[in-house]
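Atoms considered below: every heavy atom in the structure, side chains included; atoms not considered: hydrogens, waters and symmetry mates.
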Amino acid sequence: MLIEAATRCLSRGGIGAFTIDRICSEANVSRGLINHHFDGRDGLLVEVYKSSLYATVNAQVAEAKRRRAEESGWSPEASLHALVKSNFSPDYFSRDNLLVWLSLWGEIAVNPRLQAAHRELYDTYRAELAEEIEAVATQRGRKVDARALARNFIALVDGLWLEWSLDETIITPEAAEAAGFEMLEVQVGPLRDA
């Protein structure tokens, strides 16, 4: 409830609206409740970042790992395909997140706790994506720099999402997804039929 209220404050007014008083008012709770559950404003900000921005992608990463471990017929292509698709799901590739993302990205530059959380989440996601890329490339006998390709893919998704959020006439979510697949397919081969 507190994370959702804090996220709504960010989405409506940016980082300037991310105050304990405003969040308490939005959630209709006392200040003490926030301090009981979180280590102050920065602790709540870190939790908003983790739950709001990485929830969908982290769920897909966990699902890919689970299926890889439990299902003998689960192919690396299917796993990478699912990870790529998760980046363009309506929960993640959404204009509703624009002020939240922009606010948090700006805050990451100046807030050491948020910077540490970002580094951990980004590194975990990039490493999983690189592992999936490497598995597909290895199976197909291709040599790729999987870490660099994962980094570039994430940057492409972020850039296309930002452009679409600012002006929907520039690109559609479907075209953005196609561009993401195309970037990877140049290096590892076809993925869209996985």
Side-chain angles (χ1 to χ4, degrees), residues 1-63 82-126 128-129 151-180:
M1 174 183 70
L2 293 171
I3 291 170
E4 290 171 1
T7 302
R8 285 192 302 274
C9 289
L10 269 180
S11 70
R12 292 180 191 146
I15 200 70
F18 196 86
T19 66
I20 297 297
D21 288 337
R22 188 169 283 175
I23 295 164
C24 289
S25 176
E26 180 70 26
N28 199 26
V29 299
S30 71
R31 289 178 69 92
L33 194 59
I34 288 179
N35 292 329
H36 175 73
H37 290 286
F38 302 98
D39 182 19
R41 178 186 175 274
D42 283 354
L44 179 55
L45 190 61
V46 166
E47 291 306 314
V48 165
Y49 185 64
K50 287 178 179 180
S51 67
S52 296
L53 304 181
Y54 275 89
T56 301
V57 172
N58 285 341
Q60 194 62 46
V61 165
E63 178 66 8
L83 276 178
V84 171
K85 295 282 287 180
S86 72
N87 282 274
F88 301 98
S89 74
D91 290 339
Y92 188 78
F93 206 83
S94 165
R95 276 191 195 88
D96 295 341
N97 295 333
L98 181 62
L99 274 181
V100 175
W101 274 100
L102 294 178
S103 299
L104 290 170
W105 278 339
E107 188 69 12
I108 287 167
V110 297
N111 184 319
R113 283 188 67 189
L114 194 56
Q115 198 171 61
H118 167 72
R119 177 61 42 219
E120 177 187 340
L121 291 167
Y122 178 82
D123 286 350
T124 299
Y125 175 57
R126 186 184 63 208
E128 180 63 26
L129 185 58
R151 178 202 60 218
N152 294 348
F153 173 79
I154 293 167
L156 176 73
V157 171
D158 288 347
L160 292 174
W161 169 79
L162 182 58
E163 289 299 336
W164 173 72
S165 292
L166 295 174
D167 182 353
E168 66 183 27
T169 66
I170 291 174
I171 193 164
T172 65
E174 296 77 21
E177 181 179 297

Minimum heavy-atom separation for [X] to [Y], with atom names?
| X | Y | answer |
| --- | --- | --- |
| W164 | P173 | NE1-CD, 3.5 Å |
| S165 | S94 | OG-O, 4.3 Å |
| I34 | C24 | CD1-SG, 3.5 Å |

[atom2] on [Y] to [atom1] on [X], rounded to 0.5 Å:
| X | Y | atom1 | atom2 | result |
| --- | --- | --- | --- | --- |
| R151 | Y122 | CZ | OH | 7.0 Å |
| Y49 | E107 | OH | CD | 12.0 Å |
| I170 | E163 | CD1 | CD | 4.5 Å |
| H36 | L2 | NE2 | CG | 10.5 Å |

N/O donor-acceptor pair under 3.5 Å between N87 side chain and L83 backbone: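 Side chain of N87 to backbone of L83: a pair is present.
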Quick one: do R95 and E168 satisfy side-chain contact (heavy atoms from CB on, under 4.5 Å)? Show the steps, please. CA-CA 10 Å; R95 276 191 195 88; E168 66 183 27; 2.5 Å; yes
Could you point out which residue of V157, D158, L156 forms a side chain to side chain contact (heavy atoms under 4.5 Å, CB included) with L160?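 Among V157, D158, L156, the one meeting side chain to side chain contact (heavy atoms under 4.5 Å, CB included) with L160 is L156.
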E4: salt bridge (Lys or Arg N to Asp or Glu O under 4.0 Å) partners, not counting sequence neighbours: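 In terms of salt bridge (Lys or Arg N to Asp or Glu O under 4.0 Å), with neighbours along the sequence ignored, E4 is linked to no residue.
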Non-neighbouring partners of D39 that pass salt bridge (Lys or Arg N to Asp or Glu O under 4.0 Å), sequence neighbours left out: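 Scan of D39 (salt bridge (Lys or Arg N to Asp or Glu O under 4.0 Å), adjacent residues dropped) gives R113.
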Using 30° and 60° as the class boundaries, would you call the ring planes of W105 and W161 parallel, tilted or perpendicular?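 Taking W161 first and then W105, their aromatic rings stand perpendicular (interplane angle over 60°).
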Please tell me if the side chains of I23 and V29 come closer than 4.5 Å, counting only heavy atoms from C-beta onward.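 Counting from C-beta outward, I23 and V29 never come under 4.5 Å.
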Using a 4.5 Å cut-off on heavy atoms from C-beta on, say whether the side chain of L162 contacts that of W101.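 No, side chains not in contact.
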Check this for me: N28, atom CG, are more than 12 non-hydrogen atoms of other residues, nucleotides or ligands nearer than 6.0 Å?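 For N28, atom CG is not crowded (no more than 12 foreign heavy atoms under 6.0 Å).
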Only pairs under 3.5 Å count here: list side-chain donor-acceptor contacts from residues 6-20, not counting sequence neighbours, and write none if there are none.
residue	atom	partner	partner atom	Å
T7	OG1	I3	O	2.8
T7	OG1	S52	OG	2.9
R8	NE	E26	OE2	2.6
R8	NH2	E26	OE2	3.4
S11	OG	T7	O	3.4
S11	OG	R8	O	2.9
R12	NH1	E26	OE1	2.7
R12	NH1	E26	OE2	3.1
T19	OG1	R22	N	3.0

